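This report concerns only the one structure given below.
Remember, predicted model here, so these are calculated numbers, not experimental data. The analysis underlying the following values was restricted to heavy atoms, covering all of them including side chains, and did not include hydrogens, waters or symmetry mates.
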Amino acid sequence: MFKKIALLLLLIAPMSVFAQKFAHFKSMDIIPVMPEYAKAQTDIQTMQKQYEDEIKRASDEFNKKYAEYQQEQKTLPQNIQERRQKELQELSEKGMQFQQDAQQQLQKAYADMMEPIYKKLEDAVKAIGAAGGYTYVFDLNRTDIPYINDTMSKDVTNDIKTKLGISLTAVPAAPAAAPAQ
């Protein structure tokens with residue numbers, strides 16, 4: 001009796017695996033054509049330009065003061081030279097700190113802008129997965145899957161685009177470099 005049950009389970013178990021439906025998509029074929037992505041790229045580029053302008057202004061100020069110091073250095077008393085050196089050192093440190101802060105702010109702004117985009121994509125994937133009765137929906141751009149059998153897994157990239165209201169012929173927005181980490 002136990003052998004018959006075990007044999008029956010061995011026969012049924014593989015069938016349940018074959019009954020599962022799988023799908024896959026490529027997020028990098030979707031995200032760049034989302035209108036929200038184009039706006040995020042524009043906003044981050046604007047912010048990056050503002051930071052670059054401020055960094056250049058601070059650098060120009062430092063360079064001007066350093067040049068003045070070099071010209072006057074030999075004629076200044078020692079205590080004034082030391083005070084000016086200290087001012088230059090402080091300006092340099094403030095400039096480096098501002099660059100680090102700016103980089104962190106850009107990274108945070110980029111992450112904050114991308115979060116709702118990823119959420120919207122995730123919601124669309126869940127809806128397509130549920131509607132299609134899929135067991136798994138893999139993002140081939142995030143998951144290292146070396147092989148996909150197209151007869152066993154459906155590419156739902158266009159289905160997700162349609163769910164998001166994106167034209168299937170939409171041209172991706174010019175990608176802006178993500179803030180360096």
Side-chain angles (χ1 to χ4, degrees), residues 24-128 137-146 156-158 160-181:
H24 60 274
F25 70 101
K26 293 182 180 175
S27 59
M28 289 296 97
D29 289 349
I30 300 170
I31 292 173
V33 294
M34 292 175 72
E36 300 89 341
Y37 179 79
K39 180 176 179 347
Q41 295 306 302
T42 301
D43 291 351
I44 204 72
Q45 287 172 345
T46 299
M47 184 181 289
Q48 188 168 3
K49 173 83 170 89
Q50 290 170 336
Y51 280 124
E52 287 171 357
D53 290 348
E54 181 59 22
I55 289 168
K56 183 181 180 329
R57 187 200 63 73
S59 176
D60 290 348
E61 179 184 349
F62 173 83
N63 290 337
K64 179 183 171 198
K65 288 189 177 202
Y66 182 72
E68 288 172 0
Y69 170 73
Q70 282 186 318
Q71 287 177 354
E72 300 171 339
Q73 179 181 4
K74 293 181 179 168
T75 61
L76 296 174
Q78 184 65 29
N79 63 342
I80 294 176
Q81 282 184 27
E82 290 171 2
R83 192 176 116 241
R84 296 258 180 101
Q85 287 172 354
K86 184 178 178 184
E87 285 176 11
L88 289 169
Q89 180 66 31
E90 288 173 1
L91 268 179
S92 176
E93 289 171 1
K94 284 180 183 178
M96 287 187 286
Q97 184 63 48
F98 180 77
Q99 283 182 334
Q100 290 174 354
D101 292 347
Q103 191 62 37
Q104 289 172 352
Q105 290 300 316
L106 279 171
Q107 288 172 356
K108 183 182 181 323
Y110 183 80
D112 290 349
M113 288 178 200
M114 292 303 293
E115 184 179 341
I117 294 169
Y118 291 134
K119 174 76 170 104
K120 185 174 181 179
L121 175 61
E122 182 181 315
D123 290 347
V125 171
K126 286 178 181 178
I128 294 297
V137 180
F138 297 99
D139 180 355
L140 298 181
N141 292 125
R142 291 187 185 177
T143 308
D144 190 19
I145 299 176
V156 293
T157 302
N158 287 339
I160 295 169
K161 284 182 177 180
T162 301
K163 179 76 176 167
L164 292 170
I166 297 170
S167 165
L168 298 181
T169 59
V171 178
Q181 297 187 17

Under a 4.5 Å cut-off applied to non-hydrogen side-chain atoms, are [X] and [Y] in contact?
{"X": "Leu106", "Y": "Met47", "value": "yes"}
{"X": "Asp43", "Y": "Met113", "value": "yes"}
{"X": "Pro35", "Y": "Lys39", "value": "no"}

Report the distance from atom [atom1] of [X] to atom [atom2] of [Y], rounding to the nearest 0.5 Å.
{"X": "Asn141", "Y": "His24", "atom1": "CG", "atom2": "NE2", "result": "11.0 Å"}
{"X": "Gln81", "Y": "Glu72", "atom1": "CD", "atom2": "CD", "result": "10.5 Å"}
{"X": "Asn79", "Y": "Arg84", "atom1": "CG", "atom2": "CZ", "result": "11.0 Å"}
{"X": "Gln107", "Y": "Asp112", "atom1": "CD", "atom2": "CG", "result": "11.5 Å"}
{"X": "Phe98", "Y": "Arg57", "atom1": "CZ", "atom2": "CZ", "result": "8.5 Å"}

Between the side chains of [X] and [Y], is a donor N or O closer than 3.5 angstrom to an acceptor N or O?
{"X": "Gln85", "Y": "Gln89", "answer": "no"}
{"X": "Gln97", "Y": "Asp101", "answer": "yes"}
{"X": "Gln100", "Y": "Gln104", "answer": "no"}

Taking all heavy atoms of Tyr51 and all of Ala102, pick out the closest pair and write down the distance.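 Looking at all heavy atoms of both residues, the shortest contact is CD2-CB, 3.5 Å.
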
If every non-hydrogen atom of Val156 is compared with every non-hydrogen atom of Phe25, which pair is closest and at what distance?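 Heavy atoms of Val156 and Phe25 come nearest at CG2-CB, 4.1 Å.
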
Main chain of [Y], side chain of [X]: is a donor-acceptor contact present, judged purely on distance under 3.5 Å?
{"X": "Thr143", "Y": "Leu140", "result": "no"}
{"X": "Ser59", "Y": "Ile55", "result": "no"}
{"X": "Asp139", "Y": "Ser27", "result": "yes"}

What I want to find out is whether [X] reaches [Y] closely enough, with some N-O distance under 4.0 Å, to be called a salt bridge.
{"X": "Lys49", "Y": "Asp53", "answer": "yes"}
{"X": "Glu90", "Y": "Lys94", "answer": "no"}
{"X": "Glu87", "Y": "Arg83", "answer": "yes"}

Could you list the donor-acceptor pairs under 3.5 angstrom formed between side-chain atoms of residues 114-127 and any protein atom two or more places apart in sequence or on another chain?
unit_1 : atom_1 : unit_2 : atom_2 : d
Lys119 : NZ     : Asp123 : OD1    : 2.8
Lys119 : NZ     : Asp123 : OD2    : 3.2
Lys120 : NZ     : Glu36  : OE2    : 2.4
Glu122 : OE2    : Lys126 : NZ     : 3.0

Is the ring pair Tyr66/Phe62 parallel, tilted or perpendicular, if the boundaries are 30 and 60 degrees?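 Answer is parallel, since the angle falls under 30°.
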
Starting from the C-alpha separation in whole Å, work towards a yes-or-no answer on side-chain hydrogen bond (donor to acceptor under 3.5 Å, both in side chains) for Gln78 and Glu82. CA-CA 6 Å; Gln78 184 65 29; Glu82 290 171 2; 3.0 Å; yes

For a side chain to side chain contact (heavy atoms under 4.5 Å, CB included) with Ile160, tell me which candidate from Leu164, Thr162, Thr157, Asn158 qualifies.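 Testing Ile160 for a side chain to side chain contact (heavy atoms under 4.5 Å, CB included) against Leu164, Thr162, Thr157, Asn158 leaves exactly one candidate, Leu164.
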
